Each structure stands twice: as structure tokens, then as C-alpha cells.
Protein chains: 4
Amino acid sequence: MSPRSSKQFEEIRQASQRKILDAALKLFAEKGYHATSISQIATEAGVAKGLIPHYFKTKEGLVQAVIEDAVAHGDALFEKMMKQPTAKGKLRFVIEEAFSMIVEEHEYNKLLASLSLKIDQFPKMREVVMGKYEGMPQLFLPLLQEAGIPNPEEELLLLGVILDGVGIQHIVLGDAMPIEKIKDYLLKKYDLEQVEIKH
Amino acid sequence: MSPRSSKQFEEIRQASQRKILDAALKLFAEKGYHATSISQIATEAGVAKGLIPHYFKTKEGLVQAVIEDAVAHGDALFEKMMKQPTAKGKLRFVIEEAFSMIVEEHEYNKLLASLSLKIDQFPKMREVVMGKYEGMPQLFLPLLQEAGIPNPEEELLLLGVILDGVGIQHIVLGDAMPIEKIKDYLLKKYDLEQVEIKH
Amino acid sequence: MSPRSSKQFEEIRQASQRKILDAALKLFAEKGYHATSISQIATEAGVAKGLIPHYFKTKEGLVQAVIEDAVAHGDALFEKMMKQPTAKGKLRFVIEEAFSMIVEEHEYNKLLASLSLKIDQFPKMREVVMGKYEGMPQLFLPLLQEAGIPNPEEELLLLGVILDGVGIQHIVLGDAMPIEKIKDYLLKKYDLEQVEIKH
Amino acid sequence: MSPRSSKQFEEIRQASQRKILDAALKLFAEKGYHATSISQIATEAGVAKGLIPHYFKTKEGLVQAVIEDAVAHGDALFEKMMKQPTAKGKLRFVIEEAFSMIVEEHEYNKLLASLSLKIDQFPKMREVVMGKYEGMPQLFLPLLQEAGIPNPEEELLLLGVILDGVGIQHIVLGDAMPIEKIKDYLLKKYDLEQVEIKH
DNA sequence: TATGAATGAGCATTCATTCAT
DNA sequence: CATGAATGAATGCTCATTCAT
């Protein structure tokens, strides 16, 4: 009735959607997309079952919203990287963040990996993944060059492969896989061990 | 008039199971385990829906049979590798075969990758994957040492990560990913370019 | 606009469950447990097929709910019996009610009989039947003694056998079986013909 | 080719059908008609699955053949009874045989009871049961009269009810039910305790 | 006669989605 | 905005029956 109602409603909407997205991320990552039901997400989120189609129209709509959420998260990281003053700082930041994401944001990592494999079934995913992959040289080649690394094209390719390999092995093998050794290898290889980064 | 001989029956059984396993591999790889229905597999295989439970009891039994098929295939490759006379020959064989498997047996590759991510849901998969991973040092460390490669532990770890990374990138990106460049990098790095292998 | 109150929901739930229980009783009694499908029950009840597993989880859960319903009904009758002031009144009440149940609640009678025969397959049924049977002497022996009936143990045994025999014959033979004659025989035998009962 | 072939075939046919009928009786009695599959019967009988529809056309045809088998068995008993020289001898024979059938041919008893309850679904059963029931007075009334039992109509009715009651209680309660006490009660009541019967 | 592979209708159950309140 | 009862299509699986040999 009063003008602030619509603002309040908007806040309620945002809060409900947030709860649903968090629950969906958690369960999709834990059990996979198909093995997770709308009911389970509703229970985990503490909302009524009917509220999920209400906000996200379909189950696929929900997973696309989760993907967009993850992308926004990645973009924020990139912004942070760009704030590092030197090329080597940026490089170290990227490596540190990649490894820390793999270890600490296991759920995001797992979800993104398993959605990537279903790239043909989630159009949004194809768009996002191909876009990121193709944008990479433009973004990182100058950085590797500026950092004085030889064969930067080959090196960028290799770095991408290694990070993806570490990511998937950590999902599958967990702590049976000595992830820190790979990180140290990379930092030593690119002579980044003494480089300071700011968070 | 007389009933078919048990040898005839066995042949019929083998042929039907083969059709089902091939169809299952294809569809599980394409669309994932949960998104593939028994009906779809039956249609793809050209058999009646009821024949699949008849032979594989449950859907999970079917996926396990597909995994066992893939494992047997991998073991056959390993036997072949052991026939190479020199350590460098074995190493080159492994690398060549890994890359060729990634490119040419896309379906197996995709299925194994996506099942690996669901390792918690497929006990058979955990067993297979952990077994292979833990057996690797014993199998390959002597080989790397004999081939005169420095830091063999670190190198084996890295090689595993790179091959997994290439595998997953090829699934996701297909030919957008210059897979040959990574292979050449590895062959050059381990000085295998001139090594002959026999097939 | 506002969601239904939990009281409203509860009423809706009760009404739907009632419809399902009634339809299940009817069809289970008519055709037997295994020969009755969830679909048929849903059609008879006028609800969607999916609503039955929603409320009763499994088909066996449904039959157990039907049994519990029948048991509650039997217990209510027993309460009524205990309100008769004299032993002979109680006895007459039990006999009258048993015969009237056999005739008028043909469905319950038939269902309980056919489930009793499948006692090994329905644990709930075993529990209920054995409980009732073993509780009988404690309940009825004093009553027969108080009513001055000689050989009460033998007589109770015989009475049970006769009532079960009448029950099953009435199911199988229907009105071809002169049920009233047996009732009169019993009333005469125990000298209950002049005893008043209150309903 | 030679003339005796067809006779041999007939013997083989008889043997196979016998094995199937015995297995069917056993499993139908144990688990019920619907819960028993043709496959299970074939395994129990030690024949191929396809042989059962070959001989009995449908599953219902099989159950009807089992019923006919049971009827033939009952008729043989009746023949035996008629060989007893006195009315009391015949009466005692019937009672003894009924109780011994209940205890020792538990399977027949159970199967016939559960089929009787499904009388509407097995036309053969209705025919058999009603026929036997309606033939009973003609068969047994003269016998009771000759044995000097008062109120023979009422007594025959009661005897039928008691035997059916004992039958069903023994199925449901097994040895928890003191079946011998009922038998002794009947023998005493009809003064048959000293009557000799020949087997 | 006997075999068992093959079929496909039917089953119980799951679950995304709709909708009255 | 939020609820959860209701729907019905789709799933994995069972099993009576058919049929080539």
C-alpha cells in the first residue's frame, strides 16, 4: 500500500532467490543435476516447493541462474587480479586463486566441471565456456610476455591444461592428490616464489 | 525342432549384450547417466526395452558393465605398451596412445570423465579410479628413471595432470583446443621425438 | 493471496486420504492385494495416480494403513462391548456384532481374511492377528465363566473356530449359506435369547 | 517313426505336466497366485520357461489345472470314505481325514482357501465350490441320521462351519492353535471315540 | 518335445510443474 | 509473496507370452 512496500518486496524476493541459489549450488555439486530434485532444493533452502518454479520458471532455468552466479564470481576475481601492480603479481595471483578455488570452493569447482561435460545440453554453458576460453590469449598473453616468460603461447596453453587437470584430479581424488607440489612447481617455473601479492 | 545348442544361445546372448553395451556407451557419454533412459538405450540398440534389465539386472549394473568394458580395453593397451623394448619406447607409446584415445575414443573418454566426477555414486568407479591412480607410481616411476628423466616423481605427477587436463579440455572444447601442440611439447620435453615404437 | 492455513491443508489431506483408503479397501477386498493396481485405486478414489505414493509412500504402506483402519474399528467395537452391564449381555453383544460385521462389512471381512492367509507377506498382519488371538483368553475367559458356561476354555476355542468358519463361508458362499441358523444355535446354546443389549 | 513313439511322447508329456503341476501347487500355496511367476514355477519344476504356456496355455489355465488336480484328490478320499461299513465309521473317517488333511496337506489347504476367497476371479473355482457345497446335504444327511445324531440339518451346518474354521485358523496360526482339542471335542460329541475305521 | 531369447504391456514410483488459496 | 496438494508424464523394472530353432 505505502510506497516502500515494493522495495521491501524486492528485498524479500532477493533473499528467497539467494537461499534457493545457494541450496541449488550445494546440491547440484554434491549429487549432480539430475539426481537433485526441486523438493530437495526447497527443503535445503527452507522454502516451499512451489517457490522455485515461481522464481526460476524451470529446473533448467535454475541451473542457468546458478551458472550466471558462478560467472559473476569469476569476474569479480578477475577484477581483483587486475589490481595487482606487476605482471608477475597478476600471474601469481591467478595461480594462487586458481588453486585456492580448487581446494576451498570444491563445490563450485565440481559443479562447473560436471556442467562443462554437459556443454551440449546447457546452451548457456557453451556460451560461457567458449567465450572465456577464446578470450584467454588476449587477456593473458600480454601478461606472460610482460613477465618475461619464453614461448608464451605454448606456455599459456600448458598452464590452462595443468590447471584444468589439477581441478579435475582434485575433485576425483581429493587429498590423495598432492596439489601443493604442482603449485610449487608452477611458482618455481615462472620464478614467482618471491613475488608479493595483495589481497 | 530340436532346441538351439547352448553355443548358439551363447552367441545370441553375446551379440545382444554387445549391441546394448555399445548403445549405452554412446548415450551415457553423450547425455550423461541420469539423462539417458533405458528406453532410449533400447531404441538405439534396436532391442526391446525389457531385454536390458534381462541382461544387466539394473541400470547401475549396465553402467558397471560398460566401465568394465573400458577397463579391459585399458588393460589391453597396457599389455601392448609393455611389449615396447625400451623405456623411451614405452613412454612414447603411452603418450601417443593417451592422445589418440582422447581424440579417437571420445565417447569412452567422456563417459569415464563424467563418471569420475560422480565417483561417490558409483562404487565400481571409485574402486577402478583409485586402484589405477595408486598403482601408477609403481608402474611408471621405474620407466621414467630408466628413461633418464630428472625429478621423476614430480614429472609423473605433472604428466598425469597434463593428460587429464588435455582429456577434459578436449571433451569440452573439441577441436577448438590445439591438442597436437601439447603432445609435441611433451615429446620434445622428454626427448622422444626420434624414438621408434612398434604397433 | 495468502497461503492456506495449516488447518485447511490438514482437512484437505484427511479428505484425500479417506477417499484413497476407502477405494483401496474396496478393491483389495474385491480382487486381492496383488491383483489391484495403484492406478485402479486412484481411478476408484477419483484422484491422480501420483497422489497415492505421495500419501502412503508404497503400496504396502497403503495396505497397512487400511489394516490399521480396520483394527481401530474393531477396538471401538470392543469398547462398546465393555459397556454392556452383564456378562451375558457382553457375550450376546459380541456374537451379534460378529455376525453383523460378517454380513454388513463384507469388505473388511474379506480383506482381513485374505490378508490373514498371506500373513507371511504382511508383517503388520502377523503382529495384529497374533496379538488379538493371544489376548483372547484373558479377555473372554472371565466373561464365559461369569456367564456360567461350562468348560469355558473348550467353549472359547470352539466359539472362535465357529465364528471364523462362518466368516469364511459367508465370503465364499454368500447368501447360499444360512448364517442366521448358526447365530440362533449359538444364542440358544449359551442361553442368550432373552438377554437385552443396548446399542 | 516306430509306432511306440507316440506312447513314449505321451509319457514324457505326462511327466512334464506332473512336474509343473506339483511345482505350481507348492509355489501358489506358499506365495500366492500373483506373487508366483511362471519363471519361478519353471525353475522349481526343472523345466524351461516356455514349456508352461506350451502345456497350459495361460497362467490361469495352469491354476485351473491345479484346482482340478485337487478336486480329483478330494474325490478319491470320498471313494475311500464310502468303503467304511457303518455310518459312524464313515463319519469318523471324514473327521479324521479332514483334520489330517489340514495338518499334513497344509499346502493344498492353503491354496484352496486362498483360491476360495478369489472365487469371483476363478470361474472354475466357483463351479467346484458351489457344486460341492450344494451336494453336501444329499451326501451327508442320511449318514448323520443313520448315525443317530439329533438335529442333523443343524449339525451338518455346524460341522461344516467348524471344519472350515479349523482349516483357516490352522493356516493362519499354525501350531499356536490346539487343533487336537477340537477334533476330540467332535469325536466325543458324536460318540465316535470307540469307532474303528479301516484305511 | 524342449529351450530360452525376445517382446511389450503393465506395474509402482518419482518428480517438475500448476494452481487455489 | 508463499504454500503445499494435486497432476500426469516418464522412469526402471517385471513378467506372461511368443517363437525360431
Side-chain angles (χ1 to χ4, degrees), chain A residues 5 8-13 15-16 34 36-42 47-62, chain B residues 1-6 8-13 15-17 34 36-42 47-60 62, chain C residues 1-6 8-13 15-17 34 36-42 47-60 62, chain D residues 5 8-10 12-13 15-16 34 36-42 47-60 62:
Chain A
S5 284
Q8 283 181 324
F9 276 141
E10 180 57 23
E11 274 164 24
I12 293 170
R13 262 202 298 280
S16 290
H34 282 98
T36 301
S37 74
I38 294 281
S39 267
Q40 289 165 344
I41 296 170
V47 302
K49 186 153 57 93
L51 205 62
I52 294 176
H54 176 70
Y55 280 123
F56 299 97
K57 204 68 192 160
T58 66
K59 197 182 176 189
E60 221 202 280
L62 175 58
Chain B
M1 295 294 178
S2 61
R4 267 176 274 217
S5 72
S6 64
Q8 280 176 312
F9 277 132
E10 185 56 25
E11 274 162 23
I12 292 170
R13 292 171 62 83
S16 290
Q17 289 182 26
H34 282 102
T36 302
S37 74
I38 294 281
S39 269
Q40 289 165 345
I41 296 171
V47 302
K49 183 156 62 90
L51 201 61
I52 294 176
H54 176 68
Y55 282 121
F56 298 98
K57 205 67 192 160
T58 64
K59 197 184 176 189
E60 218 203 285
L62 175 57
Chain C
M1 297 291 177
S2 62
R4 268 177 274 216
S5 72
S6 64
Q8 280 176 310
F9 277 132
E10 185 55 26
E11 274 163 23
I12 292 171
R13 292 172 62 85
S16 291
Q17 290 181 28
H34 282 103
T36 302
S37 74
I38 294 281
S39 269
Q40 289 164 345
I41 297 170
V47 302
K49 184 156 58 94
L51 202 62
I52 294 177
H54 176 68
Y55 281 121
F56 299 97
K57 204 69 192 159
T58 64
K59 198 184 175 187
E60 217 202 286
L62 174 58
Chain D
S5 284
Q8 283 182 322
F9 278 142
E10 181 56 24
I12 292 170
R13 263 202 298 280
S16 290
H34 282 99
T36 301
S37 73
I38 295 281
S39 267
Q40 288 165 345
I41 295 170
V47 302
K49 185 152 56 94
L51 204 60
I52 295 176
H54 176 69
Y55 280 123
F56 300 97
K57 204 68 193 162
T58 66
K59 197 183 176 187
E60 220 202 281
L62 174 58

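Since the structure is predicted, the reported quantities are computational estimates derived from the model, not experimental observations. A, B, ... follow the sequence lines: proteins, then strands. Residue 1 opens every chain.
- Atom CD1 of B:Ile12 is separated from atom C1' of E:dA6 by 10 Å (rounded to the nearest Å).
- When atom types are taken as modelled, the side chain of C:Lys59 and the backbone of C:Thr36 share a donor-acceptor pair closer than 3.5 angstrom.
- A:Pro53 approaches A:Gly50 most closely through the heavy-atom pair CD-O, 3.6 Å.
- Across the protein-nucleic acid pair, C:Leu62 atom CG and E:dA12 atom P stand 10 Å apart, rounded to whole Å.
- The phosphate of F:dG4 has neither OP1 nor OP2 within less than 4.0 Å of any side-chain N or O from C:Arg13.
- Remark: DNA chain E forms stems of 3 or more consecutive Watson-Crick or G-U wobble pairs, all pair distances under 3.5 Å, at E:2-21 with F:2-21.
- As a whole-Å value, the separation of C:Phe9 CZ from E:dT21 C1' is 7 Å.
- With rounding to whole Å, B:Ile41 atom CD1 is found 8 Å from F:dG12 atom P.
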List, with names and distances, any nitrogen or oxygen atoms from the protein found under 3.5 Å away from nitrogen or oxygen atoms belonging to nucleotides 15-17 of chain E.
unit_1	atom_1	unit_2	atom_2	d
E:dA16	OP1	A:Lys59	NZ	3.2
E:dA16	OP2	A:Ile38	N	2.6
E:dT17	OP2	A:Lys59	N	2.8
E:dT17	O4	A:Lys49	NZ	2.9

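- In this structure, NZ on A:Lys57 lies 9.5 Å from NE2 on A:His54, to the nearest 0.5 angstrom.
- Of the possible polar contacts, none joining the A:Lys49 side chain to the A:Ile41 backbone as a donor-acceptor pair under 3.5 Å is found.
- Among the heavy atoms of the strands lying under 4.0 Å from B:Tyr55 are primed sugar atoms or P, OP1, OP2 only; no base atom is included.
- Atom-to-atom, CD1 of A:Ile52 to C1' of F:dG4 comes out at 13 Å; the value is rounded to the nearest Å.
- The main-chain N or O of C:Ser37 is found under 3.5 Å from a side-chain atom of C:Gln40 such that the two form a donor-acceptor pair.
- Atom-to-atom distance recorded for B:Ile38:CD1 and B:Thr58:OG1 is 8.0 Å, nearest 0.5 angstrom.
- When every heavy atom of C:Ile52 is checked against every heavy atom of C:Ala42, the shortest pair comes out as CD1-N, 3.6 Å.
- For D:Glu10, the salt bridge (Lys or Arg N to Asp or Glu O under 4.0 Å) partners two or more places apart in sequence, or in a different chain, are D:Arg13.
- The phosphate of F:dC1 has neither OP1 nor OP2 within less than 4.0 Å of any side-chain N or O from A:Ser16.
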